[in-house]
Amino acid sequence: FAGLADVSISEDIPVEGEITVPVGSRSPDDDYSTLDEPVRDTILRDLKAVGKKFVHVMYPKKSSALLRDWDLWGPLVLCVSLALMLQGGSADSKDDGGPQFAEVFVIIWFGAVVITLNSKLLGGTISFFQSLCVLGYCVLPLTMAMLVCRLVLLAGSGTVSFIIRLIVVAAMFGWSTLASTAFLADSQPPNRKALVVYPISLFYFVISWMILTFTPQ
Amino acid sequence: QGGGSAVIDMENMDDTSGSSFEDMGEMHQRMKEEEEEEAEGEAGAAEEEDGEFLGVKGLQGQLGRQVADQGGKMWQAGKRQASKAFSLYANIDILRPYFDVEPVQVRARLLESMIPVKMINFPQKIAGELYGPLMLVFTLVAILLHGMKTSDTIIREGTLMGTAIGTCFGYWLGVSSFIYFLAYLCNAQITLVQMLSLLGYGLFGHCITLFVTYNIHFHSLFYIFWLGVGGLSTLRMVAVLLSRTVGHTQRLILCGTLAALHMLFLLYLHFAYHKVVEGILDTLEGPNMPPFQRVARDIPVVSNVVLNTTAKAVALTL
């Protein structure tokens, strides 16, 4: 190696070669390790993520956790529970259970898709599934309103109960709209926020209306 | 001194030709990474060189490399298919120019849709945007749902929501296309998007009328709103179309059809989805009232009954 000591390379001669960077902390083995963990850990981890998002909806601060790791478990659970609770509230035809469930399901998902498309067409920077995730999670206050309404209706269905239900549903409608606006409106150009907020409020208004006019037979 | 080029080839630093089987995995790993980094053509050439270099051990290595190669190819194919599907979805961008509005513009256009223009001698400008009309159609759907729910309408086939959406969207898209076709026959200067926009904004009058009369159940009130508000929005649409058509017969056909369809639609929405009552209805008494059956019936008979009842009520109060 003594002979290499006086080798000098001038600047205009290209130095080429390959330097393979050693793969660091994330070897492919890490990706497969979640297959070996017990099922309980996987479920608990997902449940914790869903629970954290519920907390974000109830106390809407401008955080990006809801947007970053989106998932559709929460919206599915909320949608199914809302549709189940809204069943059995229509008139006396014998097949009223079926359409009611499908109706609620279709309204929520179709409405969410339309709002997402609308916000993307208006120049939004949020992705399709992120928007679906936020809209679905913000149905949580309305689901709680449905629960309260069902309990109030067990006690009786007069004017007083109607007024209580009206107040509860109106408050939860406002909360839902505020929560979803807090997450979604930031992704829009600032002067077009009203154009995005209106369909969202219409969507939650339709759901609130379904909840308010629910009368069990 | 350094007269030739100095090529530092790090590839041969890890010379494993004399090593055992355990290093096969490492070499396999390096081969996979190398393939993922380079383009497909170059990867093929590099692998061929290595094949010759490795000699006997290259047989198992080649199998390993072929597996990695297949895996890599499948990944590329999958990615290509996914991006093709994604670009199909991204065709939503053709609708983007029609949604390029500001809130003040939407508000201005909503108010303008109730004001008939006076100048019908030169073509009036129609903004071809779809945001306002789409929102108005959805609002009409929501109002219809409200009306159907409070009047306990029973839908025999289909669902409440399906009927409301089908009615409103069917009217908006169907009548727009029909009037566009008539405009084509009558040589009127209007495009389909403009027609959709015009009719959509004309639904603003319908929304206001239905919103008020589904809550305040006075039939004379409905007729006042029908003529007043409905009439204003129809007049606006008719005036705009008049300004874009020449010839008396063509103007008559086009505007007559549009006026008739628009006014009749409001009449239909009120009577088909609303309880026919005598006097003021207390909506809190919903479950006690007999459900309104939505079956085929004679519209003139119903409206005669309503007219008689209204006339009687008005006569009694006088």
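Just the heavy atoms: all of them, side chains too, but no hydrogens, waters or symmetry mates, feed the values below. Letters A, B, ... are given to chains in the order of the sequence lines, protein chains preceding strands, and every chain is numbered from 1.
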Neighbour count above 12 (heavy atom, 6.0 Å) for [X] [atom1]:
X	atom1	result
A:F105	CZ	yes
A:W109	CH2	yes
B:F169	CZ	yes

Are [X] and [Y] packed together at the side-chain level, in the sense that at least one heavy-atom pair is separated by less than 4.5 angstrom?
X	Y	answer
A:R192	B:D100	yes
A:S119	B:F99	no
A:V206	B:F138	no

Worksheet item: What part of B:V141 lies closer than 4.5 angstrom to a heavy atom of chain A: side chain, backbone, both or neither?
Response: neither

Worksheet entry | B:Y131 portion near chain A, given a 4.5 angstrom heavy-atom threshold | side chain

Answer with side chain, backbone, both or neither: which region of [X] has an atom nearer than 4.5 Å to a non-hydrogen atom of chain B?
X	result
A:V114	side chain
A:I107	side chain
A:Y198	side chain

To the nearest 0.5 angstrom, please state how far the [atom1] atom of [X] sits from the [atom2] atom of [Y].
X	Y	atom1	atom2	answer
B:M135	A:L202	CE	CG	8.0 Å
B:L134	A:N118	CG	CG	7.0 Å
B:I143	A:W209	CD1	CH2	12.0 Å

Practice prompt. Heavy atoms only: give me the nearest B:V106-A:L195 pair and the separation to one decimal.
Written response: CG2-CD2, 4.1 Å

Worksheet entry | Minimum heavy-atom distance B:R96-A:L121, with the two atoms named | CG-O, 3.6 Å

